[in-house]
Structure formats: C-alpha cells, structure tokens
Amino acid sequence: MKPETRAIHAGYDIDPATGALAQPIHLSTTFERDMDGEYSRGYQYIRNGNPNRLELETRLADLEGGHACAMFASGSTAMLSLFQGLKTGDHIIAPSDMYFGIQVILNDIMKPWGLDTTFVDMADNEAIKAAIQENTRLIITETPSNPMMKLTDVKTVGEIAKNAGLMFVVDNTIGTSIFQSPFELGADIVVHSTTKFISGHSDVLGGALITKEESDFFNHIYRIQEIGGAVPDPHSCWLTLRGIMTMPVRVRAMHENSFMVATYLEQHPQIEKVLHPALESHPQHDLFKKQMRGATGLFSFQVKGDAQNAINFTNHLRIIKRVTSFGGVRSKIEHRASIEEGTSTPQNLLRFSVGLEHPDDLIEDIEQALNKVK
Ligand SMILES: *Cc1c(COP(=O)(O)O)cnc(C)c1O
C-alpha cells in the first residue's frame, strides 16, 4: 500500500467493542488481569502500553518502513532515552549544527553523566572518520539540518558507520518519511519529533524512536521507555494519530508552497540569501535530488542588513506568526540567533516554516513587511 493509505490504516481497525469508526481514547491507567494471572488482552498498566499508544507506534513504524517504534513524551526525551541506552564511557559523533536543544542535552546532561560527544560537520566524510575513537558507539545525524538546511549524504555516512561497526541514527523530523527513507540508505534507528510535521497542528508534543530491526539495544530502549515512563498520554497519542492521517498530503502541499515563497524571496533585492534544498542555488541540490523526494515547508533566508533589521521585518508580518517550532498548518517565522546562545547562525537569518495558507497571501504578507523596512 502507498503512504497516503498507510497513514490512515496502519495499526487501525474499527473499535471491536462498539463499532466506532474513530478510535475511543482509552484513559484507563490499569487493565484487568485474567483469573490465571495473565493479561491475555495485551495490556497491564499504562506505562507499559495502551491501545492509543500501540496504534501510534504501529503506524509510525509502518510509515518509516521499520520493525518497531517506541513512543516518548517529546522528541527531546526520545533522544535522551537513546543516549541513556548507551553506557558511561561511551562516545558518540553528532552534527556540529545539531538541533540546539539536543546539543544542550549532550553537553549539559549526558557529558556529566559520562557520555562524550564529538560534534563534526556531517558533510565532511574525512572529519567523521577522524572523529571515530575506540569507544565510539554511534553516529547520529540530522538531515536537512536546521536552521542552516545542510544535508548529510546518508548513504555515505551509513557506510562509514557500518565499516566501523557503529550504530547509525538519523533524525528524520524535517525530511519526514514521505520525502526521505533513511532505513533504505543504511540507518539503524530513525528519530522523530512528532511535534512538528507528523502531528502537524502545533498542539501536541511527542517523539519517536524507530528501529529497522529487532536488537538487544532496542529491547533496552523499550525497558527505558516502560520503566522510566517518559511516555505520551492517550489523548496526545490520539491527537498525533489524527494528524498523521493528513501528513502525506500536508507535507506535499507545504513543499509546493515553500518552493513558491522561496523562489519569490530569492529574486527579491532586500534578500541576501535563501537556503532551501529544492532550489538549484542550494549548494547540495544534487544530493537533495538523489536522496529526497521533496523538501516539506522548512527553510531559512537572510535579510540584507543586521539582526535588528531582520527582527523589524518579522514585527511587520500579519499572517506569518513570530513563534518557535515548525511543521504546523500556520506559517511561522523565527530569528534563530537570538535564542541560540553562542551560536554561529548568521545574525540576519530567519527560519521560516511555511504552512498551508495560500502562497499568494504569504508572498503579499512578506512584500508589505519588506516595504516597511526598506
Ligand atoms: C523539535 C526537534 C527536536 C526536539 O523535539 P521536541 O518534540 O520539541 O522535544 C529534536 N530534533 C529536531 C530535528 C527537532 O526539530
């Protein structure tokens, strides 16, 4: 079956108890034990499992082409659980332009805990190889990266990891399973912040770890999930599932919209640079064509002038909202440098998450705001 169909049907069936088409939200924290002490209906206690979470995990594993999925309360705690699955004294390799919050987790939480990280440019294969140590266990990458929209050659880095006997993890939050298939290119584990494109309406937090194959490592991840309990509640799972049903259609429309807006910005005299992988001007456009089937709605651009000028531009926008995060149906814009402490992100760069408004209206909004900062 095709992704549009699987996004609606994988792990789903009519509710057997009532015949309801929409799944009920199962709020119960605990489930009845059989007379012989077993749990033949499959559920025992909410931390271990719940029907809404199981449907969500089944759906996500299916869409990604993986074996199984463990769902977490946020993308950040999914990552934290991945790192907790390693041992103190281990070492990992991560991208130097990694999602800022995960860099903070690695530097401020995992480093004192005993996990060492080397941050490298994931476009530099020699630098990746040179960073491998005796105690290296895992390479993680994020592609496209944000906010610089740099791509990792997933196949090549996957080969480097395999040759060195390392696990290879790809954060597919921005690429999405619709436009990018990391498991086919050598990834062992895929991470998603489902808060973004997957849930799609900026109203529910969540994160997922998906494994390509059954492994001792992933069984340990399940223990961390079930014993630690950093799991999403049933209502969050239900909302995320409702979002997934339209995810394939949404990200395709966002790709179209963002490409039109990016093309408009690129020719505008007040714009210094546009970073969008689907534009021919993107330095890794060839890799984009080889590795991705689309670019969703996230990209960055630099407004000529300083940080204040870029911020002033955002202050004049009407439809496009000044908020953090990305992936929802409402367009969002953010001045990244002012929230990334000690960052190398250009001061005049804005990260833009194009939503599902009509691109003509978005372009008109941008036009009038640029006129005000001329
Ligand atoms: C948002 C995001 C995260 C963190 O996820 P939360 O759900 O906000 O905790 C991790 N990686 C990437 C690429 C993200 O965009």
Side-chain angles (χ1 to χ4, degrees), residues 53 56-57 60 64 69-84 92 94-110 117 119 122 138-152 154 169-180 182 187 189-210 224-225 228 230-233 236-237 239-240 243-244 247 250-251 254 258 275 277 292 295-300 323-328 332-334 336 339-340 343 345 351-355:
R53 195 172 98 211
L56 176 54
E57 291 173 337
L60 288 173
E64 201 61 53
C69 165
M71 197 55 211
F72 292 89
S74 71
S76 302
T77 208
M79 290 280 205
L80 191 58
S81 303
L82 173 80
F83 303 142
Q84 283 175 333
I92 71 165
S96 46
D97 59 344
M98 191 175 209
Y99 178 83
F100 198 69
I102 309 300
Q103 292 188 44
V104 176
I105 286 181
L106 286 168
N107 288 329
D108 295 2
I109 300 176
M110 297 318 297
T117 306
F119 293 96
M122 283 290 163
L138 172 157
I139 299 177
I140 183 165
T141 194
E142 208 180 289
T143 180
S145 72
N146 121 64
M148 297 310 290
M149 307 310 293
K150 279 210 286 192
L151 307 188
T152 303
V154 177
V169 181
V170 175
D171 187 326
N172 205 17
T173 300
I174 299 174
T176 80
S177 62
I178 300 304
F179 290 144
Q180 184 163 269
I189 290 176
V190 164
V191 189
H192 279 284
S193 164
T194 61
T195 315
K196 315 291 170 50
F197 291 106
I198 287 178
S199 64
H201 296 74
S202 312
D203 54 12
V204 57
L205 186 71
L209 295 178
I210 303 163
I224 294 170
Q225 181 208 33
V231 291
D233 67 278
S236 296
C237 294
L239 275 176
T240 306
I244 292 178
M247 188 269 287
R250 275 189 283 106
V251 296
M254 283 172 179
S258 78
L275 300 166
M292 299 186 75
T296 64
L298 189 72
F299 70 100
S300 298
V323 295
T324 194
S325 193
F326 57 85
K332 305 174 176 72
I333 200 153
E334 185 171 51
R336 286 298 299 178
I339 64 162
E340 296 176 358
T343 190
T345 298
R351 188 182 72 185
F352 191 10
S353 172
V354 177

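Read the numbers this way: they start at 1 and go in the same order the structure lists the ligands and their atoms. Quantities reported herein were computed from a predicted structural model and do not represent experimental measurements.
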Measuring from atom OG of Ser353 to atom CG of Leu298, what distance do you get when rounded to the nearest 0.5 angstrom? 5.5 Å
Checking side-chain polar atoms at under 3.5 Å, does Thr143 have a donor or acceptor matched by the opposite partner on Thr141? no
Is any side-chain heavy atom of Lys332 less than 4.5 Å from a side-chain heavy atom of Arg351? no
Set of residues satisfying ring-ring contact (aromatic ring centres under 6.0 Å, His included) with respect to Phe299, sequence neighbours excluded: His276, Phe352
Note every protein N or O atom lying under 3.5 Å from an N or O atom of ligand 1, pairing the names and giving the distance.
from	atom 1	to	atom 2	distance (Å)
ligand 1	5 (O)	Ser193	OG	3.1
ligand 1	7 (O)	Gly75	N	2.9
ligand 1	7 (O)	Ser193	OG	2.8
ligand 1	7 (O)	Thr195	OG1	2.7
ligand 1	9 (O)	Gly75	N	3.2
ligand 1	9 (O)	Ser76	N	2.8
ligand 1	9 (O)	Ser76	OG	2.7
ligand 1	11 (N)	Asp171	OD2	2.9
ligand 1	15 (O)	Lys196	NZ	2.7

Out of Cys237, Cys69, Ser236, which residue meets the side-chain contact (heavy atoms from CB on, under 4.5 Å) rule with Leu56? Cys237
Is the closest side-chain donor-acceptor distance between Glu340 and Gln103 under 3.5 Å? no
